[in-house]
Amino acid sequence: MPVLEGAKSTLEARFKASLGAFTLDVDLSLPAKGVTALFGHSGSGKTTLLRCIAGLHKAQGELNVSGEYWQHAEYFLPVHQRPLAYVFQEASLFPHLTVKRNLEYGFKRILPQVRQISFDQAVQWLGLEAMLDRMPDKLSGGERQRVAIARALLTSPRVLLMDEPLAALDHRSKQEILPYLERLHEMLSIPILYVTHSPDEVARLADHLVLLDRGKVIASGSLSETLSRIDLPVLVGEDAGVVIQARVAELDARWHLCRAEFDGGSLWLPGDGLKVNDKIRLRVLARDVSLALDKHEDQSMLNLIPASVVELADNARPGVVLVKLKAQSTHFLSRLTARSVDKLHLIPGKKVWLQVKSVAVLE
Amino acid sequence: MPVLEGAKSTLEARFKASLGAFTLDVDLSLPAKGVTALFGHSGSGKTTLLRCIAGLHKAQGELNVSGEYWQHAEYFLPVHQRPLAYVFQEASLFPHLTVKRNLEYGFKRILPQVRQISFDQAVQWLGLEAMLDRMPDKLSGGERQRVAIARALLTSPRVLLMDEPLAALDHRSKQEILPYLERLHEMLSIPILYVTHSPDEVARLADHLVLLDRGKVIASGSLSETLSRIDLPVLVGEDAGVVIQARVAELDARWHLCRAEFDGGSLWLPGDGLKVNDKIRLRVLARDVSLALDKHEDQSMLNLIPASVVELADNARPGVVLVKLKAQSTHFLSRLTARSVDKLHLIPGKKVWLQVKSVAVLE
Amino acid sequence: MEFDWTPVWLTLKLAGITTFTLMFVGTPIAWWLARTTHWLKQPVAAVVALPLVLPPTVLGFYLLLLLGPQGMVGEITQALGLGTLPFTFAGLVVASVFYSLPFVVQPLQNAFEAQGVRMLEVAATLRASPLDRFLTVAVPLARPGFMTAAVLAFAHTVGEFGVVLMIGGNIPGETKVLSVAIYDHVETLEYEQAHLLAGGMLVFSFTVLLVLYMVNGRLHRSGR
Amino acid sequence: MEFDWTPVWLTLKLAGITTFTLMFVGTPIAWWLARTTHWLKQPVAAVVALPLVLPPTVLGFYLLLLLGPQGMVGEITQALGLGTLPFTFAGLVVASVFYSLPFVVQPLQNAFEAQGVRMLEVAATLRASPLDRFLTVAVPLARPGFMTAAVLAFAHTVGEFGVVLMIGGNIPGETKVLSVAIYDHVETLEYEQAHLLAGGMLVFSFTVLLVLYMVNGRLHRSGR
Amino acid sequence: GKVTVAVAANFTGVARQLVSLFEQETGHRVKLSYGSTGKLYAQIQHGAPYEVFLSADVARPQRAIKEGLAVHGSNFTYAKGKLVLWSADPALFDQQTGPAFLATESFARLAIANPKTAPYGQAAFQYLRAQGLWQSIKAKVVRGDSIAQTFQFVASGNAPLGFVALSQIKSWQGSAGSLWLPSEQQIAPIEQQAVLLMRGEKNPAARAFLSFLRSDQARAVIQNAGYGVVAGIAKE
Ligand SMILES: Nc1ncnc2c1ncn2[C@@H]1O[C@H](COP(=O)(O)OP(=O)(O)OP(=O)(O)O)[C@@H](O)[C@H]1O
Ligand SMILES: Nc1ncnc2c1ncn2[C@@H]1O[C@H](COP(=O)(O)OP(=O)(O)OP(=O)(O)O)[C@@H](O)[C@H]1O
Ligand SMILES: [Mg+2]
Ligand SMILES: [Mg+2]
């Protein structure tokens with residue numbers, strides 16, 4: 001049983017389910033807190049797994065949440081008795097109830113003493129004040145999804161399942177909702193299972209990553225570890241990269257920049273809204289990292305970091321090589337052409353300068 | 001009336017439509033051939049515009065397609081008499097018909113002499129051979145969408161309307177379908193109106209771009225021109241960039257690279273599957289272009305191009321500057337921090353070296 | 001001649017109580033039929049539709065045998081100290097419920113089948129028990145089906161006749177409903193009175209239906 | 001005693017033809033009701049439901065007046081050289097169609113309303129004319145509604161009685177259908193024969209309904 | 001030839017026997033239509049293809065003549081229905097104790113045919129009123145739509161006793177029960193008249209059927225079925 005490191009395992013799921021020609025066969029342990037991203041191609045069984053955990057699909061197997069069995073050989077806790085919340089992929093608001101009554105639906109059905117979040121709090125967090133009396137069909141897609149999230153939270157769940165909550169939305173609507181999800185993640189000390197096709201959401205929200213392929217778990221581990229594995233095309237093509245934990249060390253008010261320190265160096269990046277000592281997450285894509293043998297200062301790239309080559313892997317495409325590098329304990333990926341690798345004589349152990357063109361702050 | 005340059009205008013639409021509190025008010029001329037991307041936030045009226053053109057929504061206004069009126073003051077050609085095809089945003093296959101009969105539905109309803117594409121051809125193009133006898137509910141999302149596209153093509157339309165045909169799909173399914181759409185674009189000499197939220201699809205498919213905002217057209221022009229405008233946050237943030245027409249000048253079999261020539265220089269890029277003299281489209285993102293005052297060869301970036309600064313614009317985010325550059329007649333964008341701009345003393349007219357980290361071949 | 005309102009009230013009372021009862025009897029059956037995959041599903045569906053096939057008078061005849069003192073049901077009701085049902089208002093209700101059952105079950109079953117399971121799953125994850133989600137989700141979503149069911153049941157009970165005549169015994173003030181009154185007039189060639197009653201009944205029913213449809217249409221538009 | 005099959009065949013013929021006719025009459029009405037926003041919508045819906053409200057015998061009586069030699073419709077049919085409809089098989093069909101119309105219109109209207117407009121729009125962009133898309137899209141998608149409508153109409157016509165007796169006149173081989181035959185037996189205290197016919201009818205109807213439901217269930221599962 | 005005959009429902013059984021005799025004897029073919037007298041009359045008024053009408057009363061044949069629907073002077077009484085008080089329970093009363101039992105009112109319900117629509121009901125109603133029982137017994141009375149339905153009420157035990165037709169008792173195969181057959185003085189028999197309708201005026205088979213109805217052979221069958229007949233009718 002693969003146990004995710006760095007967190008006491010609290011959700012243990014072992015399922016075997018058949019749906020027509022498809023078979024789900026998983027054995028998972030998830031940590032007590034934080035977001036676990038479920039990633040995998042269309043049809044790999046992500047939705048099926050969430051449905052098994054929720055009890056919406058009766059699979060064979062076992063499910064144990066913080067020491068309590070919700071399902072084992074002879075026992076099956078009915079869906080409505082499981083203290084979980086489920087945000088469905090498609091619109092799932094009750095069309096016959098106003099937003100307010102949609103929100104109250106689950107809220108009214110739990111005991112007042114187990115409520116961890118007040119009605120007004122949820123409304124405020126997700127910015128729903130203005131729409132409480134409207135019917136769901138008068139809402140935009142983004143608003144509908146926010147209501148669904150608030151409704152789920154109001155049941156004070158001990159496990160939160162979210163199935164592509166943002167898939168149907170455009171870029172701007174996503175940007176509206178993501179901060180709420182990040183806040184969620186910080187405030188609730190419960191496991192969140194988050195299905196998404198978007199590498200961006202994975203990088204931004206996830207602490208752990210589970211990779212599904214044709215009904216089987218092919219990888220499971222902490223985000224930084226899983227992402228820097230170059231054997232696994234986790235986030236393929238344009239999206240390969242690493243996520244780094246860092247701390248704001250210095251602000252440059254004039255240029256609206258900040259310097260983020262991590263073990264192995266520091267990076268300058270757009271620093272609006274950050275304060276010194278903020279803990280932040282940085283995403284550095286392999287395509288944004290080029291390598292140089294010397295330190296060149298007369299160019300626009302601000303971030304030059306000494307590092308050494310760890311490993312090289314031919315990427316899926318011919319002529320392209322993925323290079324794993326290390327600056328102290330921090331790993332980076334860099335995607336280069338094979339010719340550049342040859343020109344610079346890159347081999348494991350070689351000292352180089354990382355030229356980082358672009359860094360994204362995730363939270 | 002803004003006329004798109006470089007193509008005889010063939011579709012002229014002038015509509016005023018009200019839907020509740022929303023008003024669409026457009027006056028558009030689209031070229032005779034090629035893909036026009038309709039871009040705009042959720043709720044900006046993209047779907048409404050397509051519905052007006054199709055005749056599914058009766059708006060006030062005029063519609064003229066290659067000199068024929070489909071709608072004017074007193075005249076309204078019914079939907080089924082308009083030689084157009086519409087690929088809807090959501091699944092729209094007839095659930096009671098097999099794939100084969102879905103495909104035949106429109107095909108049987110046009111005169112044999114106006115058919116420009118044979119049944120077998122469409123099936124082959126979109127790779128549907130294996131699924132002709134299946135019902136739509138036994139198909140994956142990507143397969144369903146391919147059937148919908150084939151069905152639309154089989155009516156040999158004189159205008160093709162596509163409303164986010166790929167929005168509901170994951171990365172891999174998108175990659176499966178995009179080549180078909182590109183092929184379409186080359187083979188059919190008809191206007192295609194393509195709604196999308198994805199900058200990637202815009203860059204890859206579109207020749208022209210129409211920007212809608214709150215029911216109004218705020219920009220309309222050729223892709224390269226519209227994309228290199230730094231006043232317009234067309235493809236915002238991570239996705240700002242330019243598209244360049246180029247020609248394959250040289251192949252490097254050993255490194256799987258090719259050199260693409262354009263007016264102003266050449267770029268090395270992964271060259272698999274390309275032949276000398278192929279015309280290709282390159283997408284260069286602003287974030288992938290850094291600037292240097294000198295030419296540094298001891299680094300992994302292969303592409304160094306001399307250019308001069310044209311214009312600088314503060315981007316939406318403080319501390320970040322978008323720089324427009326020119327190498328002969330070709331424009332580039334580069335996104336830099338304000339500090340780098342200052343450090344390198346960038347002003348209009350200044351000579352610099354473009355360091356291009358990454359280039360995408362679009363077709 | 002003074003107009004006798006008794007049959008009118010009796011008819012409305014019968015139709016009202018029958019429709020009301022039918023909603024309670026028909027809804028669980030329709031729900032079960034819409035959701036089950038049990039092999040008994042199709043046989044039960046067929047049995048529910050059967051009362052339609054027998055002519056009302058004949059159905060009434062068999063009900064008379066069944067509910068009468070020697071009938072199976074009659075023996076039970078007598079043992080319970082309830083007496084026998086024929087010739088009582090309660091008997092009429094029982095017979096009407098039985099007779100109009102298919103008109104309630106079929107539209108409700110269609111409505112339940114059309115609504116799918118998604119909303120029920122959502123309700124389950126929001127801690128609603130099976131009964132709870134049935135009442136708060138399935139039933140409100142099936143409103144057009146309930147509307148059709150109620151209209152068919154009410155109208156059919158108003159117009160019902162053979163069964164009523166047989167089970168009711170045409171007792172003025174107890175089981176002599178409007179349809180029987182009109183029938184009596186036709187039989188005795190009192191066409192004037194028959195026209196009057198029938199015309200009034202039509203106008204009244206038309207008004208009720210119209211109001212019902214309009215209110216429903218309004219709710220429908222604003223509610224969804 | 002030799003069993004007289006004539007009423008059985010006559011009944012099946014009447015129910016078959018009536019159901020068939022009703023599909024053609026009821027479908028356009030249901031379609032119009034489902035799609036229109038005309039102010040006449042609710043009044044027409046109410047009128048369609050009205051035949052339910054009148055007792056069958058009374059309805060039969062009025063149809064007799066209307067279709068008879070002095071009736072409005074009767075005068076037209078006579079002027080056309082068709083004679084009058086009452087006491088003919090054709091007359092029975094007309095009366096049954098009228099009587100069972102609400103059972104066909106209501107489920108079809110619900111089915112059409114539930115299917116929305118998207119698929120029709122798709123068909124329009126694929127060059128299907130309004131009639132074409134109605135036939136090739138709306139009708140196939142409303143299959144469960146057609147199923148319910150056909151079952152209700154068929155069963156109701158088989159069990160119909162008051163109207164048939166009034167308009168048909170109980171003429172052997174022409175208008176004496178099964179329900180009337182059973183009624184005759186009950187009236188003349190020939191309970192044995194009545195039980196036999198009623199039992200046979202129930203078994204037969206049950207079988208037909210069961211087969212229908214099962215075939216439909218199968219198609220439903222594989223077809224969608 | 002062929003003839004279509006409309007027959008009051010209560011006479012159906014006898015009519016069938018008569019028709020088979022008639023068909024054997026004359027070679028004519030008869031189509032019988034049954035229904036309540038009121039319904040048949042409404043149909044005749046509106047163009048029903050009946051040629052002969054065997055009514056369950058006297059009023060409607062006469063009215064048919066008056067309205068020009070039937071041949072003047074063709075009406076005659078073909079049978080006299082006898083009303084009896086009957087119960088499926090043999091222990092209640094007998095030919096002697098019938099009226100007394102009725103007067104005790106020690107029963108839950110009494111079934112009669114609807115006095116408004118059925119002559120048998122009218123007769124029962126008049127008897128009860130004449131005896132001064134009507135007011136007190138009214139609440140216990142259940143009305144059958146026809147005399148046949150009235151009989152079903154009693155035979156099924158739903159009504160402990162009721163006024164039914166003697167002809168029904170004759171053809172009833174079940175228990176004999178308690179029976180009181182009133183004399184013609186106590187309750188006058190119900191005359192049932194036949195009439196030749198205008199449609200049958202030119203049809204020899206229709207006239208033949210009416211004559212047959214008056215023959216001794218037919219009268220024997222009618223009498224045997226529990227009806228009275230008018231003496232000497234055959235000589236008319
Ligand atoms: N009811 C069903 N009957 C048969 N096969 C099914 C059924 N539901 C799902 N499947 C199959 O099971 C597999 C897994 O489905 P699932 O919905 O879990 O995929 P997913 O990973 O959520 O995909 P997506 O990203 O498209 O939502 C798919 O191949 C699908 O075709
Ligand atoms: N039937 C309607 N009644 C009232 N308002 C409507 C209706 N349909 C659409 N609208 C409104 O019209 C506006 C434009 O809608 P439209 O569907 O054209 O947007 P869109 O650009 O296609 O958005 P998306 O990217 O979300 O598909 C929206 O604000 C929407 O709320
Ligand atoms: Mg899924
Ligand atoms: Mg849209």
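Because the structure is a prediction, the values reported are computed rather than measured. Order of the sequence lines sets the chain letters (A, B, ...), proteins ahead of strands, with each chain counted from 1.
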Atom group of C/Leu65 that falls short of 4.5 Å from chain D, counting heavy atoms: side chain
For C/Pro102 and D/Leu152, work out which heavy atoms get closest and say how close. O-CD2, 4.5 Å
Taking every heavy atom of D/Pro43 against every heavy atom of C/Phe206, the minimum-distance pair comes out as O-CE1, 3.6 Å
Against chain C, label D/Phe103 side chain, backbone, both or neither, depending on which of its atoms sit under 4.5 Å from a heavy atom there. side chain
What part of C/Phe154 gets closer than 4.5 Å to chain D, counting heavy atoms only: side chain, backbone, both or neither? neither
C/Phe134, CZ atom: more than 12 neighbouring heavy atoms under 6.0 Å: yes
CD/C/Gln70: more than 12 non-hydrogen atoms of other groups inside 6.0 Å: yes
Do you know which two heavy atoms are closest between C/Val151 and D/Ala49, and how far apart they sit? CG1-CB, 4.4 Å
Using a cut-off of under 4.5 Å on heavy-atom pairs, state which of D/His195, D/Met147, D/Gln109 scores highest against chain C. D/His195
Around D/Phe20, counting heavy atoms of other residues, nucleotides and ligands shown, do more than 12 lie under 6.0 Å from its CZ? no
Check whether D/Phe204 gets within reach of chain C through its side chain, its backbone, both or neither, counting any heavy atom under 4.5 Å. neither
Taking C/Pro51, C/Ala111, C/Ala45, C/Pro107 one by one, which has the highest count of heavy-atom pairs under 4.5 Å against chain D? C/Ala45
